[in-house]
2 protein chains.
Amino acid sequence: MASPEKQILDAAAALFSTRGYAGTSTRAIAEAAGLRQPSLYYHFASKEEIFARLVGHLWRPALSYGERLTSVDAPPDALLYALLSYDVEALRSLPWRIGTLYFAPELRAPEFAAVAEERVRLRSIYREFTGAGVAAGAFLIDDPGFASNLLFGLTEGIVHMSDIDDGRSPSQWGVEVADYGMRLLAAADPAAARSAGSALREVQRSSR
Amino acid sequence: MASPEKQILDAAAALFSTRGYAGTSTRAIAEAAGLRQPSLYYHFASKEEIFARLVGHLWRPALSYGERLTSVDAPPDALLYALLSYDVEALRSLPWRIGTLYFAPELRAPEFAAVAEERVRLRSIYREFTGAGVAAGAFLIDDPGFASNLLFGLTEGIVHMSDIDDGRSPSQWGVEVADYGMRLLAAADPAAARSAGSALREVQRSSR
DNA sequence: ATTATCTATAGATCTATAGATAATGC
DNA sequence: ATTATCTATAGATCTATAGATAATGC
């Protein structure tokens, strides 16, 4: 039997992501977790704290990985491939439809400025790798700012495809979306980006 | 001076899209529209009716256009180019950040099944044109189902870029995203798709 | 008479706290 | 004594209705 905290967080994740934060009552969370409404407050100080526990680190894994990649000596197309595939795999691995909380209006509130800032930093890493790739002639497009925004938007759009459950595993989603990303950027040598990018992923995986 | 209905809808659009449906009170809407809370009910039967007026037709323009395109005799890459550019232009033309309501959890409620179904139909048109393009050798990818989902996700991701206001007009957004869409699909002849697709847009525009 | 607003308020929530209770561990 | 729950409830909302009021148009 899972701990009460975990049961509360699971119930809240399911409810917040289907009905939204404001549309979910503490009573609904509690009952889904098998408790009475006031018992939540023994484990969490407030409804907002429950939400913060769920969304406080949404971008963290991809951001950490991206930041580590910035100090790796590898071609920019490989770096971007690795980041894209990691990011998408992480999104597809999220439990419930928790990724849809990326777009919860409450996340834009001042209390969650830190979360929003992590998103901005991740986007800027996409931008950096795209720009470096264009400069190096690895991506044959001419507007890295616009293209990297589209690419970032594409990854965020992934969370709305959680209703699509073809048989693909999260890691297959990662590499396939990364392949399409290389097409979108008109990669000069997508096969090289793929193999070098996948190699960077392996390094990541084994260093855990 | 705009009509009270319009002022209410404008206020509600701004509030719903920044705070969400459940997070917006009828009092907040009324006061933003310059009325007292109960006066809303002279114009609308319920809070939900206000929401329905805003989101009831979100996918309609693109869907209508897409359905008209299905009976046009043109190469599939041109059809897809036209649909993509139209869709994105329409999204970038929405007032406020109303497009973010595409993802409001309330839209998944049974009352809005008709809206959700329009989205599904639009997605299936994307799918149809993509499949036809692959069959005709116009798109050099091998999984039209997956690719068209990504493409559709990309357009939906556009609404989250409403904070990005580079100088581009909605129609520039349309053609540029369509250009990137052709890359994503590995179009065999993107320039042809662009010129034929743009021509289809012109026909559309002038027949209004 | 109709239109468009208002004040007042009913009735249903909702979050969070107070304080009782039972079980566990020293 | 501490831990984890419970019942009861305070106090603040929130949606929607009732019914008064003022202005407009026949």
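Order of the sequence lines fixes the chain letters, A, B, ..., with proteins taken first and strands second; residue numbering starts at 1 for each chain.
- Partner assigned to C:dT21 is D:dA4, using Watson-Crick or G-U wobble distances below 3.5 angstrom.
- Counting non-hydrogen atoms under 4.0 angstrom, A:S39 reaches a base of the nucleic acid.
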request  = Given ring-ring contact (aromatic ring centres under 6.0 Å, His included), test A:H160 with B:Y102 step by step and report yes or no.
outcome  = CA-CA 10 Å; A:H160 297 297; B:Y102 274 48; 9.7 Å; no
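- Heavy-atom nearest nucleotides on DNA chain D were determined for A:Y42 and for A:Q37, and the one closer to the 5' end corresponds to A:Y42.
- Checking B:D179 against B:Y81 by side-chain atom types alone, a donor-acceptor pair falls below 3.5 Å.
- A side-chain donor-acceptor contact under 3.5 Å links A:T26 and A:Q37.
- The distance between atom CG of A:L15 and atom C1' of C:dC14, rounded to the nearest whole Å, is 15 Å.
- Nucleotide D:dG11 has C:dC14 as its partner under the Watson-Crick or G-U criteria, with both atom distances under 3.5 Å.
- Ring geometry for B:F51 against B:Y21 counts as tilted: the plane angle lies between 30° and 60°, on a 0 to 90° scale.
- The side chain of A:P4 lies closest to D:dT5, out of D:dT5, C:dT17, D:dT15.
- Put simply, CG on A:L35 is 14 Å from C1' on D:dT7, counting in whole angstrom units.
- A:N149 and A:Y126 form no side-chain donor-acceptor contact under 3.5 Å, judged by distance and modelled atom types alone.
- The nearest whole Å value for the distance from the CD1 atom in B:I8 to the C1' atom in C:dA4 is 11 Å.
- If you measure from atom CD of B:E31 to atom P of C:dT5, you get 15 Å, rounded to the nearest angstrom.
- Put simply, NZ on A:K47 is 12 Å from C1' on D:dT13, counting in whole angstrom units.
- Out of C:dA18, D:dA16, C:dC6, the shortest distance to the side chain of B:Y41 is found at D:dA16.
- With rounding to whole Å, B:E49 atom CD is found 12 Å from D:dT17 atom P.
- The nearest whole Å value for the distance from the NE2 atom in B:H43 to the P atom in D:dA16 is 15 Å.
- Both A:R27 and B:E48 sit near DNA chain D, but only A:R27 has its closest nucleotide nearer the 5' end.
- B:L40 has its CG atom 13 Å from the C1' atom of D:dC14, to the nearest Å.
- The side chain of A:T26 places no N or O atom within less than 4.0 Å of a non-bridging phosphate oxygen (OP1 or OP2) of C:dC14.
- With D:dT15, C:dT7, D:dC6 as the candidates, the nucleotide lying closest to the side chain of A:R36 is D:dC6.
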